[in-house]
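Throughout, residue positions are numbered sequentially from 1 according to the sequence presented. Because only heavy atoms are used, hydrogens play no part in the values below, and waters and symmetry mates are left out as well, while side chains stay in.
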Amino acid sequence: MSLIEDSLYNEMDGFRHGHRGVLKLGVTPSLPDITIERIIARFCGDNPGLTCQMYEVNTGGLVDMLEQGIIEVALIRTPTQIPVVLDVMSTIDERFYAFSHPTAPWLRDFGGEITLKDLSSIPLSLPRGFSVYFTECCRQQGFDPVIKSVNTSRNATLMWAEQCLAVSILSQPSAEAPDGPGLSRRLITDGTLVASRSLVSVRGKSLSYAARQFAQATSRTLSPDD
């Protein structure tokens with residue numbers, strides 16, 4: 001059975017069991033993630049009759065799955081332009097932070113903010129989706145970063161800081177609590193280093209009731225007045 005056939009079967013099975021629909025959602029590999037947790041909690045609280053099929057795939061894979069109809073909506077992180085085939089329904093700006101263990105020597109002399117150049121000689125752990133972009137931003141500042149590790153998941157990226165092996169670089173909304181137990185967080189202040197989180201769908205495609213409800217939950221959760 002193909003992924004599309006499997007998705008259709010699960011949605012029909014949900015209707016037979018009294019559910020009002022199946023949300024077919026894609027997210028980038030980023031769990032644990034406070035923003036996604038809040039959106040999912042609101043969506044499920046507002047729509048107890050809906051079920052969810054969630055896929056964790058990189059941004060390129062999510063775009064393919066959207067175009068193939070395997071998923072309807074996706075939450076992606078990207079430092080670059082959104083592909084033209086996608087409609088953006090909600091967006092929240094994110095900042096980049098450096099995470100370090102309190103006993104690690106590299107950031108002890110800094111306050112709550114640092115610059116890219118402050119990281120020029122420090123071993124770094126980066127998420128795979130931002131490694132090329134981060135490197136390009138560093139080169140614009142006149143240096144090549146010392147990359148100790150490139151990782152698919154946020155957990156793996158943070159592990160290097162937790163074990164005092166590197167400083168971990170992640171993007172997140174400023175309102176989010178620091179990731180990782182016992183780690184300190186410092187804002188990277190360079191204005192060229194920016195990212196966003198967007199809820200996207202394929203341009204021109206109609207959305208199911210479940211996908212529309214998720215879009216509403218996302219918009220309400222990402223609202224600055226929420």
- Asp118 side chain to Thr115 backbone, donor-acceptor under 3.5 Å: yes
- Message: Test your reading of the model: is there a side-chain donor-acceptor pair from Ser219 to the backbone of Ala215, 3.5 Å cut-off?
- Response: no
- Is there a donor in the side chain of Asn151 and an acceptor in the side chain of Ser149, or the other way round, less than 3.5 Å apart?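 Looking only at side-chain atoms, Ser149 and Asn151 do form a donor-acceptor pair, the distance falling under 3.5 Å.
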So, do [X] and [Y] sit near enough that their side-chain heavy atoms are less than 4.5 Å apart?
X: Met65; Y: Val57; result: yes
X: Tyr97; Y: Arg95; result: yes
X: Gln53; Y: Leu23; result: no
X: Leu116; Y: Phe134; result: yes
X: Leu119; Y: Trp106; result: no
X: Asp144; Y: Arg139; result: yes
X: Leu66; Y: Glu72; result: no
X: Asn58; Y: Arg128; result: no

Do you know which two heavy atoms are closest between [X] and [Y], and how far apart they sit?
X: Ala166; Y: Leu124; result: CB-C, 3.9 Å
X: Val22; Y: Ser208; result: O-OG, 4.5 Å
X: Val84; Y: Arg203; result: O-NE, 3.1 Å
X: Lys148; Y: Pro123; result: CB-CB, 4.2 Å
X: Gly21; Y: Ala210; result: C-CB, 4.4 Å
X: Asp87; Y: Gly204; result: OD2-N, 3.8 Å

- Message: Is there a side chain to side chain donor-acceptor pair (under 3.5 Å) between Ser168 and Trp160? Walk through the geometry before answering.
- Response: CA-CA 7 Å; Ser168 298; Trp160 292 81; over 6 Å; no
Got a second to check how far [X]'s [atom1] is from [Y]'s [atom2], nearest 0.5 Å?
X: Met89; Y: Phe214; atom1: CE; atom2: CZ; result: 9.0 Å
X: Arg154; Y: Gln172; atom1: CZ; atom2: CD; result: 6.0 Å
X: Ile39; Y: Arg42; atom1: CD1; atom2: CZ; result: 9.5 Å
X: Leu25; Y: Cys52; atom1: CG; atom2: SG; result: 5.0 Å
X: Leu158; Y: Gln163; atom1: CG; atom2: CD; result: 11.5 Å
X: Ile36; Y: Thr28; atom1: CD1; atom2: OG1; result: 6.0 Å

- Message: With side-chain contact (heavy atoms from CB on, under 4.5 Å) as the criterion, how do Ile70 and Tyr55 come out once you've worked through the C-alpha distance, each side chain's angles and the decisive distance to 0.1 Å?
- Response: CA-CA 10 Å; Ile70 297 169; Tyr55 300 83; 4.1 Å; yes
- Name the orientation class of the two ring planes belonging to Tyr133 and Phe96 (parallel below 30°, tilted from 30 to 60°, perpendicular beyond 60°). tilted
- Charged N to carboxylate O below 4.0 Å: is that the case for Arg220 and Asp46?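 Here Arg220 pairs with Asp46 in a salt bridge, since their nearest N and O are under 4.0 Å apart.
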- Query: With sequence neighbours left out, what residues match Thr103 under side-chain hydrogen bond (donor to acceptor under 3.5 Å, both in side chains)?
  - Reply: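 Per chain and number, Thr103 pairs via side-chain hydrogen bond (donor to acceptor under 3.5 Å, both in side chains) with His101.
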- Please step through side chain to side chain donor-acceptor pair (under 3.5 Å) for the pair Ser184 and Arg186, ending with a clear verdict. CA-CA 7 Å; Ser184 60; Arg186 290 169 174 82; 2.9 Å; yes
Quick check: is [Y] connected to [X] through a chain of hydrophobic side chains (ILVMFWY, heavy atoms under 4.5 Å apart)?
X: Phe43; Y: Leu207; result: yes
X: Leu62; Y: Val132; result: no
X: Leu165; Y: Ile169; result: no
X: Ile147; Y: Leu107; result: yes
X: Val146; Y: Leu193; result: no

- Tell me, yes or no, whether the heavy-atom count around Lys117 atom NZ, taken from other residues, nucleotides or ligands under 6.0 Å, exceeds 12.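 Count not over threshold, so no.
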- Item | Worked check of side-chain contact (heavy atoms from CB on, under 4.5 Å) between Val73 and Val200 | CA-CA 6 Å; Val73 290; Val200 298; over 6 Å; no
- Evaluate the criterion salt bridge (charged side-chain N to carboxylate O under 4.0 Å, His left out) for residue pair Arg197 and Asp93; output intermediate values, then yes/no. CA-CA 6 Å; Arg197 173 82 60 84; Asp93 292 331; over 6 Å; no
- side chain to side chain donor-acceptor pair (under 3.5 Å) between Thr91 and Ser196, worked out: CA-CA 7 Å; Thr91 298; Ser196 64; 5.7 Å; no
- Item | Partner of Ile114 by side-chain contact (heavy atoms from CB on, under 4.5 Å), out of Ile122, Thr189, Ile188 | Ile188
